[in-house]
Amino acid sequence: MEVRKLHPIFAAELIGPDLAQEPDQALIDLVEELMRDHVVLCIRGQGHITDEQHLRFARAFGPLELPGVFRPDEPRRMAYGLYDASNLDINGEIVDRESLRAKFAKGNEIFHADSSFNDMPSKWSMLRGVIVPPEGGDTQFVDLRHVYDELPPAMKDRIEPLVAEHSFAASRIKGGASPEAAARIREIMPGAMQPMVRISPSGRKCLFVGSHAFRVEGLSEAEGTALIDELIAFASQDKYVYSHKWRQGDLLIWDNRCALHRGTEFDYARYKRDLRRANVNEFGEERSAISAPLRAISER
Ligand code: OGA
Ligand code: MN
C-alpha cells in the first residue's frame, strides 16, 4: 500500500487495494485512519470493480443512505443503492442540458456537504469514476478544519453558538431551479438544523456551512444569508482548494462532516461523465433521506 499527499493542506491518494476483493479489517482500519487525517482520499485503480463491490466496500464503513426512487420498479442503469451523479440517461446517452436532471446537477457546482439537509448522521460519500471526461469536470474540495483555523477570532466567536437550517430546495434554487420545483422538494425533504461549528472525527473543530444552508437561527433572513455567503466565500479561496482531476477507476471518498466539495464545468453535450456515488451514515438504519417517491418533484 502506498499513500501520497495530493495537496499541501489535506487529501491523499492510496494505491494498492483491490476492491473487487472483500475488504479485510486491516484495509478498513487503514481507510478510517487516512480519512481521519486527510478528509479526502482517492483509491486509485478501481476501474474493474462492479457496482455491487462498490456498495460492499461502502457498507464496511456504515449503513448506506439510499437514494430516492421514482418508482419501485423503475429501470436503472446502475445497482440500487448508488446515486447516479452522471450526465447520462437510462440508455447511457447524454441528457439534455435543459432537463431538470441537468439543472439539478448545476446546483452541485456550489460548495456543499452531501445530505446536510437531512437529519441522518451523514458520514462519507464514495464517488467512483466509471467514465471521466478528458478535460474539465474536476471535483473540488476544502478542508473545513483548516478553514476554521484560519477564520478571524471574532468570526469564530460569532459562529460558535449558531445553528443553521439546511435544505435541498435552497441549494437547487441557488443552482437555478424554479421556485415551484423548490416548493415541491420542500414537501418531501423538509430540511435539518446543523451547528455552524462542529468537532471533526480528528478532534479538531471545523466550520460547517455549504450551499444547502440558507437560514441562521436568531438572525434575520438577510443577516443569515449574508453570513452564510461570507463563510462560503472565505472557504472557497483558491489557496484552500484541492481540485481533483479524475482518472478512470478512481474511488474518491470524502468526509461530509468536515469537507465541502463542488463539481466544476465540462463540455456537457460532448463528453460522457459517469460517476456513481455511495453514501454512508455513521449509524442507523439503511434508508433513503427522501420521504416520498421522487415522482412528486418531476411529474407535477
Ligand atoms: C456529488 C457531487 C460533484 C461532481 O456527487 O455529490 O457533488 O463533480 N458531485 O460530480
Ligand atoms: Mn455532492
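In each ligand, atom 1 is the first atom listed, and ligand 1 is the first ligand listed.
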Between Phe10 and His38 (judged by ring centroids, cut-off 6.0 Å), do the two rings come close enough to count as a pair?
no
Chi angles and distances behind the salt bridge (charged side-chain N to carboxylate O under 4.0 Å, His left out) call for Glu13, Arg44:
CA-CA 7 Å; Glu13 63 181 346; Arg44 302 282 192 191; 2.6 Å; yes
What is the closest protein heavy atom to atom 1 (C) of ligand 1, and at what distance does it sit?
Arg277 NE, 3.3 Å
Identify, for atom 9 (N) of ligand 1, the protein heavy atom at the shortest distance, and state residue, atom and that distance.
Leu127 CD2, 4.2 Å
If we only count N/O pairs under 3.5 Å, is Trp254 in contact with ligand 1?
no
Near Ala85, which atoms of ligand 1 are under 4.0 Å from a heavy atom of that residue?
5 (O)
Ligand 1 to Thr139, heavy atom cutoff 4.0 Å, flagged ligand atoms 4 (C), 8 (O)
Give the atom numbers and elements of ligand 1 that come within less than 4.0 Å of a heavy atom of His261.
1 (C), 2 (C), 6 (O), 7 (O)
What are the atoms of ligand 1, with element, lying closer than 4.0 Å to any heavy atom of Asp114?
6 (O)
With heavy atoms of Gly263 as the reference, note each atom of ligand 1 found under 4.0 Å away.
3 (C), 4 (C), 8 (O)
Which ligand 1 atoms does His112 reach within 4.0 Å, using its non-hydrogen atoms?
7 (O)
Hey, is Glu109 one of the residues with a heavy atom under 4.0 angstrom from ligand 1?
no
Test applied, salt bridge (Lys or Arg N to Asp or Glu O under 4.0 Å); reference residue, Asp84; option that passes from Arg77, Arg276, Arg273
Arg77
Run the ring-centre check on Phe266 versus Tyr271 and record whether the distance is less than 6.0 Å.
no
Less than 6.0 angstrom separating the ring centers of His166 and Phe208, yes or no?
yes
Aromatic ring proximity, centroids under 6.0 angstrom, Phe141 and His244
no
Hey, any chance Leu227 and Phe234 share a hydrophobic cluster, counting ILVMFWY side chains that come within less than 4.5 Å of each other, even indirectly?
yes
Under a heavy-atom criterion of less than 4.0 Å, does Arg273 contact ligand 1?
yes
Separation between CG (Asp238) and OG (Ser243), nearest 0.5 Å, reads 9.5 Å
Opening angle between NE2 in His112 and OD1 in Asp114, taken at the Mn ion (ligand 2), to 10 degrees:
100°
